[in-house]
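Just below is one structure, and these are the notes that go with it.
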Amino acid sequence: MTNANSESQDVRTPSNFLRDIIAEDVRTKKYGDAVIQTRFPPEPNGYLHIGHAKAICLDFGLADEFGGKTNLRFDDTNPEKEEQEYVDSIMKDVRWLGFEWDRLCFASDYFGQLYQWALQLIRAGKAYVDDLSAEDIRHYRGTLTGPGTDSPYRNRSVEENLDLFVRMKNGEFPDGSRVLRARIDMASPNLNMRDPVMYRILHATHHRTGDTWCIYPMYDFAHGQSDSIEQITHSMCTLEFADHQPIYRWYIEQLGIFPSQQFEFDRLNLTYTLLSKRKLLQLVQEKHVSGWDDPRMPTLSGIRRRGFTPEAIRTFCAAIGATRTNGTTDIEMLEHFQRDDLNRRARRAMAVLYPLKVVIDNYPEGQEEFVEVANNPEDPSAGTRQVPFSREIYIEQDDFRELPPPKYYRLSPGKEVRLRNAYFITAQSVEKDAAGNIVEVHCTYDPASRGGNSPDGRKVKSTMHWVSAPHAISAEIRLYDKLFSKADPGDFEEGQSFLSNLNPNSLEILSGARLEPSLAGARVEEHFQFERVGYFCVDPDSAPGRLVFNRTLPLKDTWAKIEKKAGS
RNA sequence: UGGGCGAUCGACUAAUGGUAGGUCAAGUGCCUUUGGAGCACUUUGUCCAGGUUCGAAUCCUGGUCGCCCAGCCA
């Protein structure tokens, strides 16, 4: 298994209860000389999201930590919701995250064995065919506070149950007409033990088994036994399955098979984020986003396209740990680990998103030169590159104010600043259009300050990025922001839905940006830090000569904070 | 008037009867050729009430609050 290796930035939480349990089981040799075996069991009915990443890191990470193995198992017991497209995307995403499974498994591979086990339980008088309708079953199940009632079909003979079940399998009955149920206890305080349904009739084509079957096992009758077949030692799942533990154990005990054990941990919740497959599907189907891989989606394919990296996601997952407490993690924490990762690794470049032309009046017309620029100041091994400079350049509109507010260090009339890696310039005058908008700033430069330092030791308060106007290239820039404007997207007014919390400004497309020419060679999915602006990566929509950049995250903006404080 | 699980800084998470610590966020200062990064410092916490104990976040009792469960979904 070539799992995510522990790089230096990996955060190891001191401990979590799952690791403690496994460590103890390894120490006491609970499973003899057998190795720790886990599994990641997605249902192929949607794309994986950041919440699954936590489960993946736990399933694969913990097994790996103790020299164990992890299977990727598709929990494909419901043919009506599952598709090959999802299987493919899930495999791709798990690998992208940095994990490789020991065995690729499908619950559907066990349909035959599961069927035999069902027969075994019927023969043992532990299962029966019920003719009650779905509605009646619900009714007979009782309530949270009151016991259920036995189905009138509960005491059929073994022979009759066998006959009926075989005929169910042979397709003699229509969908919904009968089910196979475990015979346990209709008065159990745990609803899952009130004769749970084991099999339902579904004349549907399965993405792998085709039309071989018309009866399909329920999750509870499939999951534990699948774990058992694969000799899973530690079957980790989320908290809402805790109530299923008794039924998980019941089937394994009745069948006398390998005793896999289930452990539950808390599901990931993130502020400003929805992690419900149903709602994500709705966003896709109703076209509130461009698809499962829309860069605003919390899906792994979405955040990959946005520019997030597997390393950062793994570090994040390690940092948040695992407990049995429901909570909501600040999205800021994910963003922090992503910035941290990209700060170390992303190549720097200069790009002006909202250009303002600057003419350097005392720079010779027609002259050009190249200045040497570090590709990544955090990583000298990234080398340097040559960036063209000339008389006319673009700077960010925000970097010039005719009337500078207090503490504004950037360019303003009479003020001297540094153009990064180039020269000191001083603003002299502005040109405006008929409407009074500044369209051009005239400056002078100090030829002695080449490279960005003045020999006389003169200091400037500000350093600004720039792009040489005649050399600049264009690109489409997609500025992404949070998909939802409310920390809890599920918190909405009466009569509304989570859709009312959609952030109307989650995507802004810029067409006027000017970029340094070296960016022309950028490849899809390549990450950059546009200095002083943010982290960007190349979108797959790019074509030769037509670059598209997605903003992964903006850089932290201290000035914006100062300005906001002054304004409020 | 069922059952299950849980409760530690604003958020996430350690401490497993012996100094309540880390990360994020927030704030202050230093530094800076990215108002980025970095560095230093600071603020804020054991749900409540009893009990056991030399000593309790941890053990006990009783409350309170939160989450999950009545699919022929997973």
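A, B, ... follow the sequence lines: proteins, then strands. Residue 1 opens every chain. As a basis for the values below, the full set of heavy atoms in this structure was taken, side chains included, without hydrogen atoms, waters or symmetry mates.
Using a 4.0 Å cut-off between charged nitrogen and carboxylate oxygen, E378(A) and R348(A) do not count as a salt-bridge pair. Under the 4.0 Å criterion applied to side-chain N and carboxylate O atoms, D227(A) and R73(A) are assigned as salt-bridge partners. The pair E311(A)-R345(A) counts as a salt bridge, with a side-chain nitrogen and a carboxylate oxygen less than 4.0 angstrom apart. One finds no salt bridge joining K486(A) and D488(A) here, because no Lys/Arg side-chain nitrogen approaches an Asp/Glu carboxylate oxygen to under 4.0 Å. Of the charged side-chain nitrogens involved, none lies within less than 4.0 Å of a carboxylate oxygen, so that D195(A) and R141(A) do not count as a salt-bridged pair. Contact check on R267(A) versus E240(A) returns a salt bridge, with a Lys/Arg side-chain nitrogen under 4.0 Å from an Asp/Glu carboxylate oxygen.
Within 4.0 Å (heavy atoms only), L555(A) reaches at least one base atom of the nucleic acid. In this structure, M218(A) reaches the sugar-phosphate backbone alone: every heavy-atom distance under 4.0 Å involves primed, P, OP1 or OP2 atoms, never a base. Within the nucleic acid shown, T329(A) comes within 4.0 Å of sugar-phosphate atoms alone, with no base atom in reach, counting heavy atoms only. Across all strands, E332(A) comes closer than 4.0 Å only to sugar-phosphate atoms, never to a base (heavy-atom distances). Using a 4.0 Å heavy-atom distance criterion, A322(A) is classed as a sugar-phosphate-only contact. As judged by a 4.0 angstrom heavy-atom cut-off over every strand, R339(A) is placed among residues making no nucleic acid contact. Within 4.0 Å (heavy atoms only), L419(A) reaches no atom of the nucleic acid at all. Using a 4.0 Å heavy-atom criterion, one finds that N421(A) contacts the bases of the nucleic acid, with or without backbone contacts as well. Counting non-hydrogen atoms under 4.0 angstrom, F241(A) reaches a base of the nucleic acid. Within the 4.0 angstrom heavy-atom criterion, base atoms lie near N453(A). Counting any heavy atom pair closer than 4.0 Å across all strands shown, T558(A) reaches sugar-phosphate atoms only and no base atom.
For R138(A) and rC69(B), the shortest distance from a side-chain N or O to OP1 or OP2 is not below 4.0 Å. Between rU13(B) and T323(A), a contact under 4.0 Å exists linking OP1 or OP2 to a side-chain N or O. Contact annotation: K459(A) does not reach the phosphate of rU32(B) (side-chain N/O to OP1 or OP2, under 4.0 Å). A close approach under 4.0 Å does occur between a side-chain nitrogen or oxygen of S15(A) and OP1 or OP2 of rA15(B). A sub-4.0 Å separation between OP1 or OP2 of rC12(B) and a side-chain N or O of T328(A) is absent. OP1 or OP2 of rA74(B) has at least one side-chain nitrogen or oxygen of T77(A) nearer than 4.0 Å. Taking 4.0 angstrom as the limit, K461(A) places none of its side-chain polar atoms (N or O) nearer than this to OP1 or OP2 of rU32(B). Dashed line: the shortest gap from a side-chain N or O of R348(A) to OP1 or OP2 of rU34(B) is not under 4.0 Å. The phosphate of rG2(B) has neither OP1 nor OP2 within less than 4.0 Å of any side-chain N or O from R194(A). A close approach under 4.0 Å does occur between a side-chain nitrogen or oxygen of R324(A) and OP1 or OP2 of rG6(B). The side chain of K561(A) contributes an N or O atom lying less than 4.0 Å from OP1 or OP2 of rG27(B).
In this structure, N170(A) contributes its side chain and E172(A) its backbone to no donor-acceptor pair below 3.5 Å.
The shortest distance between side-chain heavy atoms of T329(A) and N269(A) does not fall below 4.5 Å.
With hydrogens and angles ignored, no donor-acceptor pair under 3.5 angstrom links the side chain of D557(A) to the base of rG36(B). A donor and an acceptor atom never sit less than 3.5 Å apart when one is taken from the side chain of H139(A) and the other from the base of rA70(B).
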*Could you run through nucleotides 38-43 of chain B and give me one letter per nucleotide, 5' to 3': B if any protein heavy atom sits under 4.0 Å from the base, S if only the sugar-phosphate is that close, - if neither?*
------
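Here rG36(B) presents its C1' atom at 16 Å from CG of D379(A), a figure rounded to the nearest Å. Atom CD in E264(A) sits about 19 Å away from atom P in rC67(B), given to the nearest Å. For the pair R267(A) CZ and rC12(B) P, the computed distance is 16 Å after rounding to whole Å. Between the C1' atom of rA25(B) and the CD atom of E335(A) lies a distance of 12 Å, rounded to the nearest Å. Protein atom CZ of F221(A) is 21 Å distant from nucleotide atom P of rG71(B), rounded to whole Å. Remark: P of rC73(B) and CE of M198(A) are 15 Å apart, rounded to the nearest angstrom.
Residue-environment remark: CD (E135(A)) stays at or below the threshold of 12 foreign heavy atoms within 6.0 Å.
Classification of rG21(B) as anti follows from a glycosidic angle more than 90° from 0.
Between rC47(B) and rA57(B), the two P atoms lie 10 Å apart (nearest whole Å). Taking atom C1' in both rA11(B) and rC54(B), one finds a spacing of 37 Å when rounded to whole Å.
Between T273(A) and the options I331(A), L268(A), T328(A), a side-chain contact (heavy atoms from CB on, under 4.5 Å) holds for only I331(A). Exactly one of H52(A), H49(A), K54(A) qualifies for a side-chain contact (heavy atoms from CB on, under 4.5 Å) with L275(A). That residue is H49(A).
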*State the dot-bracket string of RNA chain B. Criteria: Watson-Crick or G-U wobble, both atom distances under 3.5 angstrom; notation: ( ) intrastrand, [ ] crossing earlier pairs, | interstrand, . unpaired.*
.((((((..((((....[..)))).(((((.......)))))....(((((..]....))))))))))).....
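Remark: E85(A) engages no residue in a salt bridge (charged side-chain N to carboxylate O under 4.0 Å, His left out) (not counting sequence neighbours).
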